[in-house]
Amino acid sequence: MTNDPPAITKLRPPPVWQLWNNPIFRRYARSRLRPQGLSVALIITLVIGGFIYLFVPAVNKRIDEQRQHRHLNDVRRLENLSQEKNSEWEILARKVADWEKPKVRPPSFYERTPIFPLLVLQGIILFLFGTGQVAGGMTAESDEGSVDYQRLAPMSPLAKTLGYLFGLPVREYVMFLATLPLTALALWKGNVPWEAWLPVYGVFLFSVILYHLTGLVSGTVIRNKRWAFLLSMGLVFMLYTVVPQGARFGFPFVKYLTLWPVLVEHAQEIAPKSAEDLIFATGMTPGTEVPFFNLSFSDLAFTLVVQGFFILAMVLMVWRKWCRAESHLLSKFWGLLVFVWIQLLIIGNAVPMAEDGDLFPSQNLQRTQVAGKFMQEMERRHIEIPKNDPHLMEGATITFVFAINLLLVIALLVIMMTPNADNQVRGLRRALRNRRGTAPVLSDESSALPVTLVLIAAGTVAWYGFQRSILGSHWFSGIMAGAENPLLSAGRFFLVLALTVLTFHAMLEARGGKRPFLAVIFIGIVPIMAAMIVQLGHREVSTRALWIAGISPFTQLAAATEMMLPDSFQFPDPYREQLRTIFIWWCAGMVLAVIWSWRGLAGVWRERRNARLKEADG
Amino acid sequence: MSTPAIEIRDLRVDYGNFVAVNDVSLSVDAGEVFGLVGPNGAGKSSTLRVLATLNRPTYGEVKLCGLDLLEDTEGARRLLGYMPDLAPLPSDLKAWEFLDLYAHAYGLGRGKKRHARIDECLEEVHLTDKREAWCRALSRGQMQRLVLAKCLLHRPRVIILDEPASGMDPLSRRDLRLTLRHLAADGVAVIVSSHILSELADMCSSLCVMNHGRVLAAGSVDEVRARLGQASRTLTMEVLEGAAEQAAALLGKADGVTEIVMHGERISFIFSGTAPAQCALIAGVIAQGVPVRTFEEQKSSFEDILIQVAEEGRAGS
């Protein structure tokens, strides 16, 4: 006898937009906001925040008072001295006293001083601890297996993403909220207009979402909790320390992944005392428009566009993982779109800046700490500083760095889109069952070769366009007249990119695992390090160092970039001849590597096809 | 004819070159407790994970109450409750909080209504007294029962339990058995896996024995026992004093008799053959003048069957 099935219970999971009612958010709010743990975190936060709020204005006031006092003493001493001498001395003494006279600042000035240190504290809480918590927490969920329970719950992937995104770092959000009254008090007492602090805090929270999403993605992919925690925190740390240096040297786009541009824009109103240091430290100028091809954006708008794009890309990755655990982070189609959009952002921002010279480090000397102070002093003394045109080598370096970015982004996307052996076999079997020859080209189970070829072609076009915009700009038009045909160097660049990426892809697809990454270390990085050591023992360029460095594709990219330059900027003979010979040997070696790895891949394919046919016969 | 609660046709699951589940087909009706048994690596967990929509099969058709899993995964998820092997629990939640998380996620109303359902489920698995206990403080068996309570929250029509009894004491096992019977009586289809056959024999209305990803036998408990246990069986013969040597010599010459062991007047041996052949063997021994006192066939225990299945599989591979 068969029993009647029970009536289905009507399940009404909370809507996505009700974040406060999101079960995953509430689960973490419950576990991470228990009084015992939270109270300790809050006490520490409030003690540090309170200390900053009370100490920073007082100490600044004290320093200024001491300066005033010292100045008055100095003036008095000067006056005494000048009375003994003559009136000329007196005039000079008054002038000097005027120059060095400390400014009398209103009380609101001091009230603003804790805003910036408080922002740093808030950044540490949300950017660093929050991101680490998201990554570590997500890894722990996957590791324990409880993520499977969530997968089965009838909530939309977006609701699950939002639940983890805001739930895992909920304690950090509360710690941040605890510091807000102090900030609000400082903003209010310091008379900071809302037009200044609102964009800063708006972008701050936008960046928090971006970094936490980075943590969520790394937590979804990395299996080791500690690694996920460290990696995501390291990533944020790099964004605020190393990445802005990239912005100074030809890659302004990267700084929009941080809070810096908007903070610098409003620094004068929010933290006048720190504003100058901030400008020097970041190398950014307030009040400038951000060019993007023929358009121009404010810092705020461009930051939101750049961060918004990455937020969307990461939500897409997590979405795909929620829908199906074995999905790649990006499908082949989305991978291509992401590649194109990243390169458009870089090129669209850099090319107009190359035209007006802002892209080149030499034109931005005033933004560096020492040179900036020096130039300020020269300006104060009305001494004109002669301006030089950017040097061709700056343009070449920027083009080379762009080539490296292409290689790394393509390699990263190839890793994301290449199926492992298991998935490929499964795809072939499924295709056979459905009476198809192979898995659909854009499916996760099909080979990433077609999309890799498209990426190589798109990368070469992007590089050619970029280098023509930089080196073909009006700054270098005269010098570049004697250069070789740019198509030749593009051809060389294409060869280097294609051979490197194809070998990497074939190794990854045929064998997977650690081998391709070991190859990157031992072929890409170690030869350059070894060459540097060898070169140290020579005054002239060492032939041996050239040969060793030549093994690395990065060196070959540099050589391809150098080839674009006029003869006078290239290595002199006999080194140039040697570089060409090295390139020919490198190509020959890489062709062999491609053939070897492709033979491996073809063998794997043949093996899989045979197994499939055997099954079909069976 | 009503739609089966679970319908699997030609299911295949691969991990690279390893075939975990190979062309498995089975069907479970509503109100049935179906056992999936086999040694470790037989493909039970892979089958259950596909049923739970957590793994995508290489190919095959899987339907829950007529819903195709691959076409309407979200719809199917609303119908099922899944308890994995060594079910994990978050250490930072209390028992009721863990249930509340999923009751909320499944949209089981608000406040009192939800809490009432949580209490019902806790009672169902006999954990009412552990309502306020931390998940980390529960014993292995209690953890399993709590996860079972989580599976019951949204009143699923199909319950999938992977090794639910592992770590449970005999009392908990009895409770589990009762719970599953209640569920079946309510029309829920339950599919449960174990590598301990006797464990399933008590609680399942039908069984399926798997090895190396294939179904070896399926049907009612007696049918499976008959199918897998008929090839060879242990027979015991007791003769009068002094006749044991003669009986053993006769048996040694008979076809299909192996492993003769004598314990005084008792002789046990393994016989491979049909039932008529067994009758002919006994008749032959008696006809030769052996004074047979008793003759007994030892039914193979489920464990024996499973060991036999596993060993055959090992020898085959």
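The figures that follow rest on heavy atoms only: side chains count, while hydrogens, waters and symmetry mates do not.
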(message) Can you confirm whether more than 12 heavy atoms, excluding those of B:R181, are under 6.0 Å from its CZ atom?
(response) yes
(message) Ring centroids only, cut at 6.0 angstrom: are A:W322 and A:Y164 within range, meaning strictly under it?
(response) yes
(request) Measure the CG-CD1 distance between B:L80 and B:I159 for me, rounded to the nearest 0.5 Å. (result) 9.5 Å
(message) Please determine whether the number of non-hydrogen atoms from other residues, nucleotides or ligands lying under 6.0 Å from atom OH of B:Y15 exceeds 12.
(response) yes
(request) Give the member of A:R34, A:K160, A:E445 that has the highest number of heavy-atom pairs under 4.5 Å with chain B. (result) A:R34
(request) Go through the atoms of A:R27 and report whether side chain, backbone, both or neither lie under 4.5 Å from a heavy atom of chain B. (result) both
(request) Name the member of B:L93, B:D100, B:N55 that forms the most heavy-atom pairs with chain A at distances under 4.5 Å. (result) B:L93
(request) Please state whether the side chain, the backbone, both or neither of B:A87 comes within less than 4.5 Å of a heavy atom of chain A. (result) both
(message) Taking the basic N atoms (NZ, or NE/NH1/NH2) and the acidic carboxylate oxygens, is any pair closer than 4.0 Å for B:R131 and B:D119?
(response) yes
(message) Counting only non-hydrogen atoms closer than 4.5 Å, does B:F18 touch chain A with its backbone (N, CA, C, O), its side chain (CB onward), both, or neither?
(response) neither
(request) For chain A, find which of B:M83, B:R49, B:K94, B:E97 contributes the most heavy-atom pairs closer than 4.5 angstrom. (result) B:E97
(request) Answer yes or no: are there more than 12 heavy-atom neighbours, outside B:E74 itself, under 6.0 Å from its atom CD? (result) yes
(request) Taking atom CZ of B:R136 as the centre, report whether more than 12 heavy atoms of other residues, nucleotides or ligands fall under 6.0 Å from it. (result) yes
(message) Quick check on A:R151 against chain B: is it the side chain, the backbone, both or neither that has a heavy atom closer than 4.5 Å?
(response) both
(message) If I measure from the heavy atoms of chain A, does B:R56 come under 4.5 Å with its side chain, its backbone, both, or neither?
(response) both
(request) Report the distance from atom OG1 of B:T58 to atom CG of B:L11, rounding to the nearest 0.5 Å. (result) 8.0 Å
(message) Less than 4.5 Å to any heavy atom of chain A: does that hold for the side chain of B:V13, its backbone, both, or neither?
(response) neither
(request) Let me know if B:Y106 has heavy atoms under 4.5 Å from chain A in its side chain, its backbone, both or neither. (result) both
(request) Could you tell me which portion of B:R117 (side chain, backbone, both or neither) has an atom closer than 4.5 angstrom to a non-hydrogen atom of chain A? (result) neither
